[in-house]
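Data block below; observations after.
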Amino acid sequence: MSGTASLGLRSGSYGSLSSAAAGRKAGARGWGWRGGEKERLQLLHRARRLVSRRRAGVLLLLAAVSASIFCSIFAVAKDDNASMIISNNYEVQNTIENSVYPSMTRPLMMSSDQYSSSSVNKIELPNRLHLSFENFTHHPCEGFSISPPPLVDPKRTGPRSCQVCYVSVDQAFALMPLQPSPSPVLKNLNYVFEDSITANFSNQSSVFGGHSSLEQRNKSFDINESMTVHCGFVRGKKSGQGSGFDINDDDLLEMEQCRELVVASAIFGNYDMIQHPRNASEFSKANACFYMFVDEETEAYVKNYSSLYRNNKVGLWRLVVVRNLPYEDPRRTGKIPKLLLHRLFPNVRFSVWIDAKLQLVVDPYLLLERFLWRKNATFAISRHYKRFDVFEEAEANKAAGKYDNASIDYQIGFYRKEGLTHYSPAKLPITSDVPEGCVIIREHIPITNLFTCLWFNEVDRFTSRDQISFSTVRDKIKAKVGWMPQMFLDCERRNFVVQTYHRELLEQMIASGWNPPSTASEQPSRKLRPGSRKSPPSKKPSVKRKREKRSSSRRRLPKPITGTTGVIM
C-alpha cells in the first residue's frame, strides 16, 4: 500500500533551486552544457540545415536557440557548497521521494576523514561547535523578502504558498543553540499527578485533565518562578501510564531515548492516511525521531493495507498504539500529543507537530533554523490564512458544524466576560488572534511547556476547537511575563507542507469514479479539468462526522448550572 498511503494529494509540488557559490566563472565551468563550444556549434548548424528549405524552419530554429538558452540558465552544475535553498511548492512538479527506512550512510557534506564507524547510528555534522550566527558576516538568507508567487491560474485565487529561504542542513545544525533558550520568570514547572478533587458542578474538566476548578485555572495564569499546574495525565503513574492515553512500556522507553528533535503526528478513528515525509536529509533520518500516534482501529487498518508496515514502523514513522482513550471524540484526543509532546517526550529539546492531513516536504532541521533560531523564537505557529478575529472564527466553526453551537457560544461568552475583544491593528505587534494550528514548531523550555499545558486545559474545559482558545492563553501569559508565540504567514506554512484529502473523502472520490494514481510517485494534478479520466469530481462528496457534544469525556459530568454571580461556571 505504498502508493495508497500517498493518494489524494491536492498539491504534490515541491521544487528547490540551489544558488551557485559567489565568484564562480560561468565560462570555465560550462553552465548547463556537458559539451563545449564545438558541440553547441554543431547543434546550431544541424538546426539550420533542417529549416533551410521551409518557412516553418524559422520557428524550429528559434525553439532550438531558446532551448539552449534555457539549459544554460537553469541546468547549473551541482555545487556542494551551495549555502542557500529557495523552495516554492506552488505548481512545481516533483517526484515523491520514497524514504522508507533511514540509511545510515555518510552524508555528502562530510569528508572521509570526518566519518568513522563509531558514527553509524548517529550522524554528526562538522563544525557544530565552531559555527554560530556571529561567524556569518551576512546570513545566507539576509535580504530575502517573502512574496507570494504570481497567479498562474486566474480561477485559483485561494491560499497559496510563497517562497521561503532556507540554509543548508549542515549550516542549520551548526546554528543550533548549544544551550536552552532563557525562560522568562518561570524556571521550574511541575505537573499534577494526584488529584483528590471529584467531579462537581463547578468542575467541567475531564478525569484525564484533573477536574481543575475555575479557581485553579485562574491561579495557573499567575506565573511564578516555580509552578505546579494541571497538564493532563492526572491520576497516572507517569505520562502514558494509568491515566488514559496509555502506551506500552517498550514504546515509552523508546520515547524517553529521543533527545534532540521529535517530529510527531497522530491519527485517531482511522480518519486520515499516513503521509510520508519527503526530502528528509540522511542526517535527519538518523538523528530526529518520527512518531505517529494511533489507536487500535487505525493500527489494524495500517497492518491490513500498508505494505510498508514492519515492526511497528511505516516508512520513517514509528507507530505508537494508544489505548484507553480518555475522550470519545478523536479530534479532542488528538490534542493530547499535539499540545503535550513535552509530557510524552521528557528529554526532547525541540519538536515539530504536523497534523495527519499534512505531508512534510522540507527537512525538519531547516524549519527549526528558519522559524525559531533565525528569529530568536521558542514557539512558532502560522496565522490563519483568512481569519484574524476569534469571534469570526467561532461563527465559521458554527456554520461548518465543527462543534455544538451552544458550547461554542458558551466559550466565547466566557472569554468576552474575561476581556476578549475583536482583533484590530491596535493589537500590533500581535498580527492575528487566530492560528492555523495544524503545524507547531517549538523549543521545550518551561514557558513554552506552560503555554501548551494551559492551552490544553482550555481545550479540556471548553470545546476542542483550539483556535478559539489560543489567543486567550497567549494574552494572559503575555500580560504577566511579556512572552508570546511567534506567528508566521500561512503561505510560509504551505511551503513546507502539502495538504491531502481525509481518508473517507478520498475513498468516496474513488467510489465516485475518480481513478487514483497507481504508484506513490504519481500525484493528482491540480491542473486536471473536471470530466477528465483522472479528475476528481467537481463537487466533493460530503463526509459527515458525528457532532461532538459539549462534554466529550467518557466520564460524563453533570450539566453546568448558573452560579450565584450570574456567570455560568
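- Defined by atom type and a distance below 3.5 Å, a donor-acceptor pair is present between the side-chain atoms of Asp249 and Gln241.
- For the pair Glu256/Asn347, a side-chain contact is recorded, criterion being any heavy-atom separation below 4.5 Å from C-beta on.
- Looking only at distances, a side-chain donor or acceptor of Asp246 sits under 3.5 Å from a matching main-chain atom of Ser243.
- Within the 4.5 Å cutoff, side-chain heavy atoms of Met487 are placed close to those of Arg474.
- The aromatic rings of Phe462 and Tyr415 sit perpendicular, their planes meeting at an angle over 60°, well past the 30° parallel limit.
- For Tyr327 and Phe268, the ring centers are positioned 6.0 Å apart or more.
- A donor-acceptor pair under 3.5 Å is formed between the side chain of Arg332 and the backbone N or O of Val459.
- Considering only heavy atoms from C-beta on, Phe245 comes within 4.5 Å of Pro337 through its side chain.
- At least one side-chain heavy atom of Arg383 sits under 4.5 Å from a side-chain heavy atom of Leu489.
- A salt bridge does not link Arg349 with Glu260: every distance from a Lys NZ or Arg NE/NH1/NH2 to an Asp or Glu carboxylate oxygen is 4.0 Å or more.
- Checking each of Thr448, Val185, Ile223 against Trp483 for a side chain to side chain contact (heavy atoms under 4.5 Å, CB included) leaves exactly one that passes, namely Thr448.
- The local environment of CG in Asn376 is sparse, with at most 12 non-hydrogen atoms from other residues, nucleotides or ligands closer than 6.0 Å.
- Between the side chain of Glu443 and the backbone N or O of Ser181, at least one donor-acceptor pair lies under 3.5 Å.
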Between Tyr301 and Val294, is the side chain to side chain contact (heavy atoms under 4.5 Å, CB included) condition met? List the steps. CA-CA 10 Å; Tyr301 182 89; Val294 299; over 6 Å; no
Evaluate the criterion salt bridge (Lys or Arg N to Asp or Glu O under 4.0 Å) for residue pair Asp460 and Lys335; output intermediate values, then yes/no. CA-CA 9 Å; Asp460 184 56; Lys335 300 302 187 293; over 6 Å; no
Take Val169 and Leu366 through the test side chain to side chain contact (heavy atoms under 4.5 Å, CB included) and record every step on the way to the result. CA-CA 6 Å; Val169 176; Leu366 302 187; 4.1 Å; yes
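- In this structure, Arg343 satisfies the cation-pi test against Tyr191, with its NZ or CZ atom closer than 6.0 Å to the six-membered ring centre and inside 45 degrees of the ring normal.
- Using a 30° and 60° split on the angle between ring planes, His342 and His444 fall in the perpendicular class, above 60°.
- In this structure, the side chain of Lys417 does not engage the main chain of Gly413 through any donor-acceptor pair within 3.5 Å.
- Although no hydrogens or angles enter the test, the distance criterion places no donor-acceptor pair under 3.5 Å between the side chain of Lys375 and the main chain of Ala380.
- The shortest distance between side-chain heavy atoms of Phe173 and Asn287 does not fall below 4.5 Å.
- Among Lys402, Lys398, Arg387, the one residue that satisfies the side-chain hydrogen bond (donor to acceptor under 3.5 Å, both in side chains) test with Glu393 is Arg387.
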When you look at Leu214 and Phe414, which way does the side chain to side chain contact (heavy atoms under 4.5 Å, CB included) test go after all the steps? CA-CA 12 Å; Leu214 185 59; Phe414 186 94; 3.6 Å; yes
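- For the atom pair NZ of Lys478 and CZ of Phe451, the computed distance is 13.0 Å after rounding to the nearest 0.5 Å.
- Closest non-hydrogen pair, Phe293 versus Val322, comes out as CD2-CG2, 4.1 Å.
- Looking at every heavy atom in both residues, Phe193 comes nearest to Gly236 through CD2-O, 3.6 Å.
- Rounded to the nearest 0.5 Å, atoms CG (Asp466) and CD1 (Ile381) are 7.5 Å apart.
- Between the side chains of Ser265 and Trp317, no donor-acceptor pair is found at a separation under 3.5 Å.
- Heavy-atom neighbours of Glu225 CD from other residues, nucleotides or ligands within 6.0 Å: at or below the threshold of 12.
- In this structure, Trp455 contributes its side chain and Val473 its backbone to no donor-acceptor pair below 3.5 Å.
- At least one donor-acceptor pair under 3.5 Å links the side chain of Tyr423 to the backbone N or O of Ile430.
- Closest approach of Cys438 to Arg493, counting heavy atoms only: SG-NH1, 3.3 Å.
- The minimum heavy-atom distance between Ala377 and Gln486, with the atom names listed, is CB-CB, 4.0 Å.
- At a threshold of 4.5 Å between non-hydrogen side-chain atoms, the residues Val320 and Glu254 do not count as touching.
- More than 12 heavy atoms of other residues, nucleotides or ligands shown are found within 6.0 angstrom of NZ on Lys238.
- For an aromatic pair to be called close, the ring centres must be under 6.0 Å apart, and Phe345 with Tyr291 satisfies this.
- Here Asn279 contributes atom CG and Ser284 contributes atom OG; the two are 11.0 Å apart, rounded to the nearest 0.5 Å.
- A donor-acceptor pair is defined here as one N or O able to donate and one able to accept, closer than 3.5 Å; no such pair exists between the side chain of Asn397 and the backbone of Tyr403.
- In terms of heavy-atom proximity, Ala264 sits nearest to Trp353 at O-CE3, 3.4 Å.
- Relative to the six-membered ring of Tyr385, Arg494 meets both conditions, a distance below 6.0 Å and an angle of at most 45° to the axis.
- Ring-plane geometry between Tyr365 and Phe283 is classed as tilted, the angle between the planes lying from 30 to 60 degrees on a 0 to 90 degree scale.
- For Ser220 (side chain) and Arg217 (main-chain N/O), a donor-acceptor pair under 3.5 Å exists by modelled atom type.
- Here the side chains of Val439 and Ser382 are not in contact, with every heavy-atom distance at 4.5 Å or above.
- Distance check, rounded to the nearest 0.5 Å: CG of Leu253 to CD1 of Ile247 gives 12.5 Å.
- Here the straight-line distance linking atom CG of Asn457 with atom CD of Gln216 works out to 10.0 Å at 0.5 Å rounding.
- The main-chain N or O of His276 is found under 3.5 Å from a side-chain atom of Gln359 such that the two form a donor-acceptor pair.
- Counting heavy atoms from C-beta on, the side chains of Arg442 and Thr452 come closer than 4.5 Å.
- Going from atom CG of Leu450 over to atom CG of Leu186 covers 5.5 Å, rounded to the nearest 0.5 Å.
- Residues Glu299 and Lys303 are paired through a salt bridge, judged by an N-O separation under 4.0 Å between the basic side chain and the carboxylate.
- Scanning both residues, Ile412 and Ala394, for their nearest heavy atoms gives CG1-CB, 3.6 Å.
- Counting only N and O atoms by type, the side chains of Thr298 and Asp295 include a donor and acceptor under 3.5 Å apart.
- Comment: Lys386 does not engage Asp490 in a salt bridge, judged by the lack of any side-chain N to carboxylate O separation of less than 4.0 angstrom.
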Decide side chain to side chain contact (heavy atoms under 4.5 Å, CB included) for Val164 and Phe496; before the verdict, give the C-alpha distance in whole Å, the side-chain angles of both, and the deciding distance to 0.1 Å. CA-CA 9 Å; Val164 175; Phe496 62 82; over 6 Å; no
